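Notes to accompany the following structure.
All values reported here derive from a predicted model rather than from experimental measurement. Numbers here are sequence positions counted from 1.
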Amino acid sequence: MKRLSIVVLTAVMIVCIGFGTASAANSIKQGSAGINVDVDDSFVVSAKYFVMKDLAVLAGFGLGVKGADADGTDVGIAGGARKYLTTDDFAPFVGGFLAYATTEDGDRKDLSLMGEFGAEYFLHKQFSIEGSVGFGYTEQKTKTGGSTTVVGGVPVTTGGGTFKETNVGTERFGFSLNFYFL
């Protein structure tokens with residue numbers, strides 16, 4: 001997956017550089033919309049809409065269906081807002097988001113409430129690369145399977161339950177690609 005991400009990023013950069021840096025003036029303005037795809041292992045694709053020239057709302061959804069020996073369905077949703085400190089070709093931002101994901105047929109559930117900071121760099125009017133760091137609260141609940149033994153002809157399951165882990169701190173390092181519609 002990482003190799004594919006590097007190949008896609010390299011291809012986008014080559015295409016954008018081919019358009020020339022003179023056309024790199026970005027398209028951030030009120031009413032602009034775009035999509036954001038994480039280059040890391042996230043399966044959530046986000047949409048971005050600028051309610052003001054320097055303020056965007058974000059919404060994301062992802063769905064993954066596994067087959068063969070890895071049966072299960074991954075579902076994720078996210079929402080947030082982002083304030084751009086400048087809207088130049090190099091556009092730093094601060095923001096926050098709430099994300100929920102359930103994976104492996106409901107065996108694992110993640111809830112995150114994060115603040116973020118980062119920057120977006122426009123390679124072309126419609127294309128940008130973005131890096132961000134998220135910090136905040138993450139809660140992960142995982143159902144653990146028990147073992148079943150037969151006692152006196154009756155199956156008895158023991159050891160099952162839910163494992164809960166919470167983290168506070170730097171939880172997310174993101175790298176993503178953005179495409180803006182004209």
Side-chain angles (χ1 to χ4, degrees), residues 1-14 16-17 21 24-30 32-64 74-103 108-142 163-180:
M1 185 69 176
K2 295 283 184 189
R3 283 187 192 179
L4 177 61
S5 300
I6 292 170
V7 170
V8 168
L9 175 63
T10 303
V12 168
M13 289 175 67
I14 289 170
C16 291
I17 290 170
T21 56
N26 68 53
S27 61
I28 292 180
K29 62 182 182 278
Q30 184 174 352
S32 293
I35 58 171
N36 173 285
V37 178
D38 280 343
V39 178
D40 60 10
D41 293 332
S42 177
F43 62 96
V44 176
V45 176
S46 299
K48 187 184 308 181
Y49 180 76
F50 283 84
V51 293
M52 295 171 42
K53 180 179 178 167
D54 60 352
L55 183 66
V57 293
L58 311 165
F61 178 76
L63 176 67
D74 298 346
V75 177
I77 57 172
R82 184 177 284 175
K83 169 76 170 153
Y84 284 80
L85 304 176
T86 66
T87 55
D88 299 327
D89 287 344
F90 179 77
F93 58 80
V94 295
F97 65 91
L98 177 67
Y100 175 79
T102 179
T103 58
R108 180 175 153 191
K109 295 180 177 156
D110 297 342
L111 177 67
S112 300
L113 179 59
M114 295 277 163
E116 69 173 346
F117 66 91
E120 202 171 327
Y121 181 73
F122 283 81
L123 301 169
H124 184 267
K125 185 176 183 176
Q126 293 177 270
F127 298 102
S128 70
I129 56 175
E130 172 184 310
S132 64
V133 175
F135 54 95
Y137 172 81
T138 300
E139 177 181 283
Q140 182 181 85
K141 292 181 182 178
T142 306
F163 175 74
K164 180 179 174 182
E165 180 181 351
T166 59
N167 296 306
V168 175
T170 305
E171 295 291 326
R172 180 180 184 275
F173 295 95
F175 184 72
S176 58
L177 304 173
N178 296 293
F179 175 76
Y180 289 93

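A distance of 3.5 Å separates CD in E120 from NZ in K48, rounded to the nearest 0.5 Å. Distance check: S132 OG to D38 CG gives 7.5 Å after rounding to the nearest 0.5 Å. To the nearest 0.5 Å, atoms OH (Y121) and CG (D89) are separated by 6.5 Å. Distance check, rounded to the nearest 0.5 Å: CD of Q126 to CG of N178 gives 12.0 Å. Interatomic distance, E165 CD to N167 CG, rounded to the nearest 0.5 Å: 4.5 Å. Rounding to the nearest 0.5 Å gives a distance of 7.0 Å between CD1 of I35 and CZ of F179.
Among all heavy-atom pairs drawn from K53 and I28, the shortest one is O-CG2, 3.1 Å. For the residue pair M114 and G136, the shortest heavy atom distance occurs at SD-N, 3.6 Å.
Considering only heavy atoms from C-beta on, L177 comes within 4.5 Å of V39 through its side chain. Within the 4.5 Å cutoff, the side chain of F93 has heavy atoms near those of the E116 side chain. The side-chain heavy atoms of F50 and Q30, taken from C-beta on, include no pair separated by under 4.5 Å. Residues K109 and Y100 are in side-chain contact: their nearest non-hydrogen atoms beyond the backbone lie under 4.5 Å apart.
If you check the side chains of S46 and N36, you find no donor sitting under 3.5 Å from an acceptor.
Exactly one residue among L98, T102, T138 makes a side-chain contact (heavy atoms from CB on, under 4.5 Å) with L111. That residue is L98.
Remark: K83 pairs with D54 by the side chain to side chain donor-acceptor pair (under 3.5 Å) rule, at least two apart or across chains. D88 is linked by a salt bridge (Lys or Arg N to Asp or Glu O under 4.0 Å) to nothing, counting only residues two or more places apart in sequence or in another chain.
Taking the ring centroids of F127 and F122, they lie at or beyond the 6.0 Å cut-off.
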